[in-house]
Amino acid sequence: INLNTLIKNTIKFVKTKTRDIRLTLHLPKEKTHIKTNPTWLSQILFNLIINSSESILEKKSYKKDLKGSIDVYLKDCNDYFIVNITDNGKGIQSDNTGTIYNPYFTTKETGNGLGLSISKKLATKLGAKIKLTNSNSSSTSFSIEIPKNKEKTWSRYSSLKMKNLLVNIFTGQFQINQKHQLKAVGM
């Protein structure tokens with residue numbers, strides 16, 4: 001897949017959540033082809049951008065003049081690509097950084113605490129790494145390091161099963177077992 005295209009297409013899904021936020025893409029002009037599961041990678045990007053937009057909206061509730069911004073960078077680093085998502089939202093408190101990937105951990109009133117947990121699990125399945133690279137009261141950055149030539153076990157999943165899983169995630173029809181594995185109800 002072409003990562004530039006995947007990122008641009010994912011941005012289309014978050015337009016309503018980022019309507020009043022400046023969202024800027026910093027994409028290389030050269031080819032960014034990679035073997036990966038596009039559905040899973042798009043889900044990770046979607047979750048991170050939604051979290052960024054919600055963080056900005058929360059900060060705007062007490063800082064009315066805030067001009068919200070999200071920057072998405074894609075960098076080619078020899079054997080892998082790095083996608084970096086940076087926002088100027090409220091940040092993540094340092095005492096929460098160790099628990100942000102835990103299922104059901106949230107600081108939001110309406111959050112379910114599954115976005116980062118799901119993203120971390122999907123990244124691991126892709127052979128990628130996701131990490132919080134910066135967080136303070138003026139910005140937060142997450143990076144996703146994606147290996148270029150590593151085919152992971154994701155290829156054994158059918159795209160139909162994955163599409164059903166994502167639909168079930170968005171509609172809330174899922175369960176997480178004791179091993180923190182996501183299971184869609186009815187699959």
Side-chain angles (χ1 to χ4, degrees), residues 6-7 10-11 13-14 16-18 21 36-59 61 70 72 80-87 89-137 139-147 150 152-187:
L6 181 111
I7 291 169
T10 302
I11 295 302
F13 291 114
V14 297
T16 58
K17 286 280 194 177
T18 60
I21 298 170
T36 192
N37 182 308
T39 306
W40 292 1
L41 185 53
S42 183
Q43 181 67 49
I44 295 167
L45 294 169
F46 178 88
N47 289 349
L48 291 174
I49 294 168
I50 291 297
N51 282 356
S52 288
S53 67
E54 290 173 349
S55 175
I56 290 167
L57 292 175
E58 189 171 335
K59 188 173 182 179
S61 71
I70 300 172
V72 179
Y80 52 91
F81 286 104
I82 292 182
V83 178
N84 190 284
I85 299 170
T86 301
D87 67 65
K90 69 177 188 120
I92 298 171
Q93 294 179 359
S94 60
D95 55 337
N96 291 335
T97 59
T99 56
I100 58 173
Y101 300 108
N102 292 350
Y104 305 112
F105 175 79
T106 185
T107 59
K108 298 181 253 182
E109 288 183 27
T110 59
N112 62 19
L114 291 174
L116 286 175
S117 176
I118 290 167
S119 295
K120 181 85 167 182
K121 185 81 166 175
L122 292 175
T124 300
K125 288 185 176 199
L126 292 173
K129 297 175 186 171
I130 182 173
K131 60 184 172 183
L132 174 65
T133 55
N134 179 51
S135 185
N136 55 52
S137 62
S139 73
T140 300
S141 295
F142 277 89
S143 68
I144 311 161
E145 184 179 302
I146 312 155
K150 187 170 185 179
K152 286 292 282 179
T153 57
W154 61 263
S155 61
R156 66 187 163 97
Y157 293 94
S158 72
S159 62
L160 178 61
K161 190 168 186 173
M162 198 57 223
K163 286 177 187 172
N164 288 340
L165 178 61
L166 292 176
V167 167
N168 287 330
I169 289 170
F170 285 116
T171 60
Q173 300 171 358
F174 55 85
Q175 298 172 340
I176 294 185
N177 66 19
Q178 293 171 339
K179 295 180 182 178
H180 303 292
Q181 296 169 327
L182 188 66
K183 174 85 170 122
V185 176
M187 284 183 65

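Along the sequence shown, residues are numbered consecutively beginning with 1. Since this is a predicted model, take the numbers as computed values, not measurements. Values below: all heavy atoms of this structure, side chains included; hydrogens, waters and symmetry mates excluded.
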What's the shortest heavy-atom distance between [X] and [Y], and which atoms?
X: Tyr101; Y: Leu132; answer: OH-N, 3.3 Å
X: Leu6; Y: Ser42; answer: CD2-N, 4.2 Å
X: Pro147; Y: Ala128; answer: CD-CA, 3.9 Å
X: Ser139; Y: Thr86; answer: CB-CG2, 4.5 Å

Nearest 0.5 Å, please: how far is [atom2] in [Y] from [atom1] in [X]?
X: Ile11; Y: Leu45; atom1: CD1; atom2: CG; value: 7.5 Å
X: Thr140; Y: Asn134; atom1: OG1; atom2: CG; value: 7.0 Å
X: Lys17; Y: Ile49; atom1: NZ; atom2: CD1; value: 13.5 Å
X: Ile130; Y: Glu145; atom1: CD1; atom2: CD; value: 12.0 Å
X: Ile56; Y: Ile21; atom1: CD1; atom2: CD1; value: 4.0 Å
X: Ile146; Y: Leu126; atom1: CD1; atom2: CG; value: 8.0 Å

Are the side chains of [X] and [Y] in touch, meaning some heavy atoms are under 4.5 Å apart?
X: Ile144; Y: Leu48; value: yes
X: Leu114; Y: Pro103; value: yes
X: Ile92; Y: Phe142; value: yes

Distance-only, no hydrogens or angles: does the [X] side chain make a donor-acceptor pair with backbone N or O of [Y] under 3.5 Å?
X: Ser55; Y: Asn51; answer: no
X: Ser141; Y: Thr133; answer: no
X: Lys59; Y: Ser137; answer: yes
X: Ser53; Y: Ile50; answer: yes
X: Ser143; Y: Asn84; answer: no

* Asked: Who pairs with Lys120 by salt bridge (Lys or Arg N to Asp or Glu O under 4.0 Å), at least two apart in sequence or on another chain?
  ->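 Checked Lys120 against salt bridge (Lys or Arg N to Asp or Glu O under 4.0 Å); zero matches.
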